[in-house]
Amino acid sequence: EAKKLLADTSFMDQLQSYDKDNIPDKLMSKIRKGYTSKPNFVPDTVGKVSSAARSLCMWVRAMDTYSRVATQVAPKKAKLEEATKKLNDAQALLKEKQDALAEVEARVASLKQKLQAAERKAQDLKEKEQDVQKKLERAGKLVGGLGSEKDRWEQLCEKLEASRGNLIGNVALCSGAIAYQGPFTADYRAELTNGWTKRARDVGIPCEESFSVTGVLGDPVTIREWGVHGLPSDQLSIENAIFVTRSRRWPLMIDPQGQANSWVKRMERDNKVVIIKLSQSDYLRKLESAIRVGLPVLLENVEEALEPSIDPVLLKQVFKQSGRNLIRLGDTDVDYSDDFKLYITSKLANPHYPPEICIKVTIVNFTVTFKGLENQLLAECAALERPDLEEKKEKLVLTIASGRRTMADLEDKILKMLAEASGNILDDEDLINTLDSSKKTSSETEVAVSAAEETSKEIDEAREAYRPVACRGSIIYFVVADFATIDPMYQYSLPYFKGIFADTIVKAPQADDLEARLQVLIAAITRTMYVMICRGLFERHKALFAFMNAVQIARNAGLVTDAEWKLFLQPAVLGVPHLPKPQGEDAFWIEDRTWAFLCAADDVPSLFGLAEHVNGNLSAWRDVFSSESPHTAPLPEPWHSKLKPFQ
């Protein structure tokens, strides 16, 4: 049977396709009992007999091993299959749930995207709201801060727009004033300005009708600071200061009373002004040092000639060498600083400077004016009579000047920032905050300045009560100053005069009320000045001095008109009489010159008709003419009761 089976050609195929998973347990027991359990049923042993048997042995043992393993693995395998089925079912369910979850997650993701978009939109809207709110606040600050300036700036713009059309004429007139008007008095300057303005308009050059140098070139803040530094507040002194600071040539100030000298010293004190005189041996070395460092220099007490050694400085002969600004002084090249300034003052009252000096400097006449001296004497009188008010006044002047300067600087800063702002101005938070801060400071300063100005006005009103005293002092000083034309010996310095003025006020008797005190001071000053000045006059000039004082006091009070005074001073400068001279025996005493004078008196309102009355009343007027003391004889009526003493 075995051989037959081995001889079968499909035996190998049968072995290969043998159903090893379904081997009967009985058969396996038999195999294990009869074969595999025997020790000699192993491939190596069987192979010694037959290689074919060896292969069969290996196959049988393999089937036995497989059967053993399959017996243990089958339940596990069944469980595996069952678990696999459950797993597949679970995975299918899981996939179904995952698909549902994915769908839900997709919906959630979509909702999240919509939520994020909505949140972003809400955030953008919130940021826009915050931005708009900030811009609204900034706009409120801007409008609130600058709104108060709207009207003033609009008026200023209109004024600037109007003045822009007059710019050429105004600049031409200012240039002419700076170049030529410096040496002249206030009246002659006004006459020149009026003539120039009329001529400019006649030839079609636009300029302001009421042109003034101060109106075009004057800065109120700067002018107030000049006043703090001691510059008199009259119009002439302000014009002089403008000439000094705006001229391209260095100023030479005619300063017999020392006002310009004092003003320059106080103005340039913080800049460490260097004071020199041509009489000093080292003046050139000091000048050289100041030019190099850039310090202001005050050259005092020059005469009618200047040293040639300072000509390069006067002519500003600056040249460049190796990138440096140099000027030659003597045989030395000195570094020239742009901060250098030169002021020249002369104490000569009426100097004559030759043309070669006039073309090198700007001559400015700082001779004291009546109004300027009156203000100075008023301050002197108020300081002595009411030191509390004067001290407060000085502090207020400093406060107002400082406040006005701060306000001007802040306004310039605000306008500069607005002009330099780019884009939407409301987006620049730093700019708005700076503007708001500047405006607050400006407003606070303006309130303080306004309060100070109100207080200053009240103090000025109190000081004004003493103006008659200052006016009397100013009148007498100018009478004294005019006496230098009578004799050069009659020259008195302003400090000396002020010293007498102050000493008189201190020593004057006290009075119960202000009005009585003013009368006491006026009388004391008039008397003291007359006595002190008469000590230096020739006897023949004392009556003239008294007369001039009386006339100038009367002219200031309006008791003597300019026309009357002109007629009195120039009786010889008469025209042809407009009335025929009386003839006859009763008119023999009337000379041609006398009749010309009587006819000229018709040009004076208060004396109009005098010539006709004399012609109609020759005998009455002859009695006055023939009187031993005609100046005390009564005049024919109505002239005796009609005319005032001077008339």
| query | Is the backbone N or O of C207 less than 3.5 Å from a side-chain atom of R201, with the two atoms forming a donor-acceptor pair by type? | reply | yes
| Does the side-chain contact (heavy atoms from CB on, under 4.5 Å) test come out yes or no for D234 and F370, once each step is laid out? | CA-CA 9 Å; D234 60 287; F370 181 87; over 6 Å; no
| request: Let me see the working for L298 and E268 under side-chain contact (heavy atoms from CB on, under 4.5 Å), right down to the final yes or no. | output: CA-CA 9 Å; L298 174 59; E268 298 291 357; over 6 Å; no
| Under the criterion side chain to side chain donor-acceptor pair (under 3.5 Å), which of K347, K265, Q280 is the partner of E300? | K265
| Do side-chain atoms of S289 reach the backbone of K286 as a donor and acceptor pair under 3.5 angstrom? | no
| field | By side-chain hydrogen bond (donor to acceptor under 3.5 Å, both in side chains) - contacts of Q257 (at least two apart) | value | Y477
| Between D503 and K507, is the closest basic N to carboxylate O distance under 4.0 Å? | yes
| query | Is there a side-chain contact between Y180 and L192, using heavy atoms and a 4.5 Å cut-off? | reply | no
| said: Apply salt bridge (charged side-chain N to carboxylate O under 4.0 Å, His left out) to residues E374 and K371 and explain how you reach the verdict. | reply: CA-CA 5 Å; E374 182 179 313; K371 197 66 178 178; 3.7 Å; yes
| query | Do E539 and K542 sit within salt-bridge range, that is, some charged N less than 4.0 Å from a carboxylate O? | reply | yes
| query | With a 4.5 Å limit on heavy-atom distance, are the side chains of I533 and V479 in contact? | reply | no
| note | Closest non-hydrogen contact found for L236 with T367 is CD2-O, 4.3 Å
| Is the closest basic N to carboxylate O distance between E380 and K498 below 4.0 Å? | no
| query | What heavy-atom pair brings A177 and V213 nearest, and what distance separates the two atoms? | reply | CB-CG2, 3.6 Å
| Considering only heavy atoms from C-beta outward, does the side chain of C471 approach that of N556 to under 4.5 Å? | yes
| Which class fits the ring pair W263 and W226: parallel under 30°, tilted 30 to 60°, perpendicular over 60°? | perpendicular
| field | Euclidean distance, T369 OG1 relative to F478 CZ, rounded to 0.5 Å | value | 6.0 Å
| Do the non-hydrogen side-chain atoms of Q552 and I476 ever get within less than 4.5 Å of each other? | no
| query | So, H541 side chain and C534 main chain: donor-acceptor pair closer than 3.5 Å or not? | reply | no
| field | Non-hydrogen side-chain atoms of V297 and V313 separated by less than 4.5 Å | value | no
| Heavy-atom pair with the smallest gap, counting every atom of T485 and D482 | OG1-O, 2.6 Å
| note | dist N240:CG -> F366:CZ (nearest 0.5 Å) comes out at 4.5 Å
| query | Does the side chain of V361 come within less than 4.5 Å of Y353's, by heavy atoms? | reply | no
| request: Report the relative orientation of the aromatic rings in F501 and F497; use parallel for angles under 30°, tilted for 30 to 60°, perpendicular for over 60°. | output: parallel
| field | W250 ring center near F340 ring center (under 6.0 Å) | value | yes
| From I276 CD1 over to L284 CG, what is the distance, rounded to the nearest 0.5 angstrom? | 8.0 Å
| message | For the NZ atom of K341 and the CE atom of M267, what is their distance to the nearest 0.5 Å? | response | 6.5 Å
| message | Check whether T528 reaches the backbone of A524 with its side chain - one donor and one acceptor, N or O, closer than 3.5 Å. | response | yes
| said: Looking at S474 and A470, would you say the former's side chain and the latter's main chain have a donor-acceptor pair under 3.5 Å? | reply: no
| task | Under the side-chain contact (heavy atoms from CB on, under 4.5 Å) rule, what do Q510 and R517 come out as? Steps first, then yes or no, please. | result | CA-CA 7 Å; Q510 297 299 320; R517 175 65 175 168; 3.8 Å; yes
| request: Would you check, one step at a time, whether the test side-chain contact (heavy atoms from CB on, under 4.5 Å) holds for T193 with S212? | output: CA-CA 8 Å; T193 300; S212 70; over 6 Å; no
| message | Would you say that more than 12 heavy atoms from the other residues, nucleotides or ligands in this model lie under 6.0 Å from the NZ of K198, or not? | response | no
| query | Can you check whether Y490's main-chain N or O pairs, donor with acceptor, with D487's side chain at less than 3.5 Å? | reply | no
| Is a side-chain donor or acceptor of S247 paired with a backbone partner of I178 at a separation under 3.5 angstrom? | no
| field | From E191 atom CD to Q181 atom CD, the distance as rounded to the nearest 0.5 Å | value | 10.5 Å
| note | One should read off an interatomic distance between L278 CG and I344 CD1, to the nearest 0.5 angstrom, of 8.5 Å
| Any side-chain heavy atom of R467 within less than 4.5 Å of one from N375? | yes
| message | Assess, by modelled atom type and distance only, whether the side chains of T345 and D255 contain a donor and an acceptor separated by less than 3.5 Å. | response | no
| field | Validation row: D562, R555 side chains within 4.5 angstrom (heavy atoms) | value | yes
| query | Who passes ring pair (Phe, Tyr, Trp, His ring centres under 6.0 Å) against Y530, sequence neighbours left out? | reply | F545
| query | Sub-3.5 Å donor-acceptor pair from the side chain of D513 to the main-chain atoms of A516, do we have one? | reply | yes
| Main-chain N/O of L295 paired to N271 side chain as donor or acceptor, under 3.5 Å | no
| message | For a quick check under 3.5 Å, do T185 and D187 share a side-chain donor-acceptor pair by atom type? | response | no
| Taking the side chain from R189 and the backbone from P183, do they hold a donor-acceptor pair closer than 3.5 Å? | no
